[in-house]
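Right, one structure below, let's go through it.
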Amino acid sequence: MSAPPNTSVPPVPPPGAPEPGADFRSVFLAGPFLGLLDRTTGEMPPDARTPFDVLIEHFESQGLSVHNAHRREAWGARLMRPEECTPIDQEEIRKADVFVALPGSPASPGTHIEVGWASAFDKPVVLILEPGREYTFLIQGLHTVATVEYVVCADVAAALPAVDRAVRRAVARCRERDGVGGPLPPG
């Protein structure tokens, strides 16, 4: 289990512990969307897009398929109707091997629904939190009912190695829980 989300230091495996390898092909990347749209342009400003761009590029550079509503909806330029995006997102979360989210502070209602779907589907979950921010109790306590790893960071780009470790740990924990194929090889 990882460190509680209110810590300012990303969780670190015990000294000498092997890092589990990756055994997944797809990631659902979630985070605040509508609340970040510029009221004038209707699109996400570049600074709000940056963490998502960084994560999408990083995961895709590893050969992973990344589902992300922000990109699908052209960063706000082509918003889908609720009747369209809701079933698509739920199905993509169901199909994803790993769920990664920036939950938002203040809380993003849509992202929190997606976090709930991911935990209900028993997905490995990685939550990327900013230090010094307040997160809902259910985000803070999600690790008690789901396979969750927390990464606390101020800069997503600088934290990519920690994100990778958290994803591998979450996937390995789900595999061990499900008795699938034994431990993963070092990554």
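Quick note: residue numbers are just sequence positions, from 1.
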Problem - Side chains of His70 and Ile56 in contact at under 4.5 Å (non-hydrogen atoms) - result: no
Handout entry: Within-4.5 Å side-chain heavy-atom neighbours: Asn68 and Leu55
Key = no
Handout entry: Given Asp164, Leu29, Val151, the one that forms side-chain contact (heavy atoms from CB on, under 4.5 Å) with Val126
Key = Val151
Problem - For Ser105 against Arg133, the heavy-atom pair lying closest together - result: O-NH1, 3.0 Å
Exercise for the section: Show your working on side chain to side chain contact (heavy atoms under 4.5 Å, CB included) between Leu160 and Val54 and close with a plain yes or no. Expected result: CA-CA 9 Å; Leu160 291 174; Val54 165; 4.0 Å; yes
Practice task
List the steps, then state whether side chain to side chain contact (heavy atoms under 4.5 Å, CB included) holds for Cys153 with Glu130.
Solution key: CA-CA 5 Å; Cys153 65; Glu130 294 179 67; over 6 Å; no
Handout entry: Salt-bridge present (Asp89, Arg72; N to O < 4.0 Å)
Key = yes
Practice task
Could you tell me whether Glu176 and Arg173 make a salt bridge, using a distance below 4.0 angstrom between a side-chain N and a carboxylate O?
Solution key: no
Problem - Check ion pair Glu149-Arg169 (N to O, under 4.0 angstrom) - result: yes
Practice task
Find out whether Leu64 and Ser26 are in side-chain contact, i.e. whether some heavy atom of one side chain is under 4.5 Å from a heavy atom of the other.
Solution key: no
Problem - Heavy-atom side-chain contact between Phe28 and Lys123 under 4.5 Å - result: no
Practice task
Could you give me the CA-CA distance, side-chain angles and deciding distance for Tyr150 and Ile128, then say whether side chain to side chain contact (heavy atoms under 4.5 Å, CB included) is met?
Solution key: CA-CA 6 Å; Tyr150 298 96; Ile128 302 173; over 6 Å; no
Practice task
Would you please say whether a donor-acceptor pair under 3.5 Å links the side chains of Arg25 and Ser65?
Solution key: no
Exercise for the section: Step through the shown structure and confirm whether more than 12 heavy atoms of other residues, nucleotides or ligands are within 6.0 Å of CD on Glu83. Expected result: yes
Practice task
Take Val27 and Phe99 through the test side chain to side chain contact (heavy atoms under 4.5 Å, CB included) and record every step on the way to the result.
Solution key: CA-CA 6 Å; Val27 176; Phe99 178 87; over 6 Å; no
Handout entry: Nearest atoms (heavy-atom pairs only) where Pro82 meets Pro87
Key = O-CD, 4.1 Å
Practice task
Return the minimal non-hydrogen interatomic distance between Ala146 and Ser119, and the atom names on each side.
Solution key: CB-CB, 3.8 Å
Handout entry: Contact check, side chains of Thr86 and Gln90, non-hydrogen atoms, under 4.5 Å
Key = no
Problem - Over 12 non-hydrogen atoms of neighbours within 6.0 angstrom of CD in Glu57 - result: no
Problem - Hydrophobic cluster identity match, Leu127 and Leu138, side-chain contacts under 4.5 Å - result: no
Practice task
Taking the side chain as every heavy atom from C-beta outward, state whether Leu102 and Pro51 have any atom pair closer than 4.5 Å.
Solution key: yes
Fill in the blank from the handout: In short, Leu36 meets Pro45 closest at the heavy-atom pair O-CD, 3.2 Å
Practice task
Answer with yes or no whether the hydrophobic clustering places Ile113 together with Val145; edges join I, L, V, M, F, W, Y residues whose side-chain heavy atoms lie under 4.5 Å apart.
Solution key: yes
Handout entry: Minimum side-chain heavy-atom gap Ile139-Leu129 below 4.5 Å
Key = yes
Exercise for the section: Answer whether the closest heavy-atom distance between the side chains of Arg177 and Thr147 falls below 4.5 Å. Expected result: yes
Exercise for the section: Say whether Ile88 and Ile93 are linked into one hydrophobic cluster, either directly or through other cluster members, by side-chain heavy-atom distances under 4.5 angstrom. Expected result: no
